[in-house]
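Input: a single structure, listed below in structure tokens.
Note that these values count all heavy atoms, side chains included, but never hydrogens, waters or copies made by symmetry.
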Amino acid sequence: VVAVAAEPLYDFSSSALVELTDDNFETLVVGDATSLWVVEFYADWCGHCKQFAPGFAKAAGNLKGIVKFGAVNAEKASKTASLYGVNGYP
């Protein structure tokens, strides 16, 4: 059996969403005292996450400049996900 990686849920290069990782979460979100952030923790393979993604990306675009939207791939950013108690999806 060969495991096939799930397609990435978001294309951050063409979106108002910010890709949040273990390396940048503290600086961008926690260290930003002037902005309001809406953050989603997700997994590329999660069916509920896939259903949620289009509306989340649309909200990010509609509210750009007012609210910052970020997404954390909890499988890749396991340190951050663990720190915030994420252990399942949705």
Side-chain angles (χ1 to χ4, degrees):
V1 176
V2 175
V4 178
E7 287 291 317
L9 197 56
Y10 295 110
D11 177 6
F12 294 101
S13 67
S14 64
S15 171
L17 288 171
V18 176
E19 182 176 16
L20 298 171
T21 66
D22 283 341
D23 293 331
N24 69 11
F25 190 91
E26 281 290 317
T27 302
L28 293 179
V29 179
V30 179
D32 184 352
T34 62
S35 299
L36 175 64
W37 280 85
V38 178
V39 176
E40 174 200 15
F41 288 85
Y42 71 95
D44 288 326
W45 53 263
C46 170
H48 294 288
C49 302
K50 290 177 182 180
Q51 290 180 342
F52 182 75
F56 192 66
K58 182 177 181 180
N62 289 344
L63 295 171
K64 187 174 184 176
I66 301 168
V67 177
K68 293 182 179 181
F69 282 73
V72 180
N73 183 328
E75 292 193 309
K76 292 181 180 176
S78 57
K79 177 181 152 193
T80 301
S82 178
L83 181 67
Y84 289 96
V86 176
N87 57 20
Y89 313 98

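- Between Tyr10 and Ala57, the closest heavy-atom pair is CE2-CB, 4.5 Å.
- Note that CD of Glu26 is 11.0 Å distant from CG of Leu20, once rounded to the nearest 0.5 Å.
- Among all heavy-atom pairs drawn from Ala60 and Ala16, the shortest one is O-CB, 3.6 Å.
- Val18 and Leu36 are assigned to two separate hydrophobic clusters, defined by single-linkage of ILVMFWY side chains at heavy-atom distances under 4.5 Å.
- The backbone N or O of Glu19 sits nowhere less than 3.5 Å from a side-chain atom of Asn73 that would complete a donor-acceptor pair.
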Could you go step by step and tell me if Lys68 and Asp32 meet the side chain to side chain contact (heavy atoms under 4.5 Å, CB included) rule? CA-CA 10 Å; Lys68 293 182 179 181; Asp32 184 352; 3.2 Å; yes
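- Annotation: side chain of Phe25 is in contact with side chain of Val39 (closest heavy-atom distance under 4.5 Å).
- Looking at Tyr84 and Val72, their side chains never come closer than 4.5 Å, going by heavy atoms from C-beta outward.
- In this structure, CG on Leu17 lies 14.0 Å from NZ on Lys58, to the nearest 0.5 angstrom.
- Distance alone, capped at 3.5 Å, is enough to place a donor-acceptor pair between the Asp22 side chain and the Thr80 backbone.
- Under a hydrophobic clustering in which Ile, Leu, Val, Met, Phe, Trp and Tyr are joined whenever their side-chain heavy atoms come within less than 4.5 Å, directly or via other members, Val38 and Phe52 fall into the same cluster.
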Go through Phe56 and Tyr42 one step at a time and tell me if the ring pair (Phe, Tyr, Trp, His ring centres under 6.0 Å) criterion holds. CA-CA 12 Å; Phe56 192 66; Tyr42 71 95; 8.9 Å; no
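- Contact annotation: the side chain of Glu7 never approaches that of Asp44 to less than 4.5 Å [non-hydrogen atoms, C-beta and beyond].
- A distance of 9.5 Å separates CZ in Phe69 from CD1 in Ile66, rounded to the nearest 0.5 Å.
- Hydrophobic clustering (side-chain heavy atoms under 4.5 Å, transitive across Ile, Leu, Val, Met, Phe, Trp, Tyr) groups Trp37 together with Leu83.
- Atoms CZ and CG, from Phe41 and Asn87 in turn, are 11.5 Å apart once rounded to the nearest 0.5 Å.
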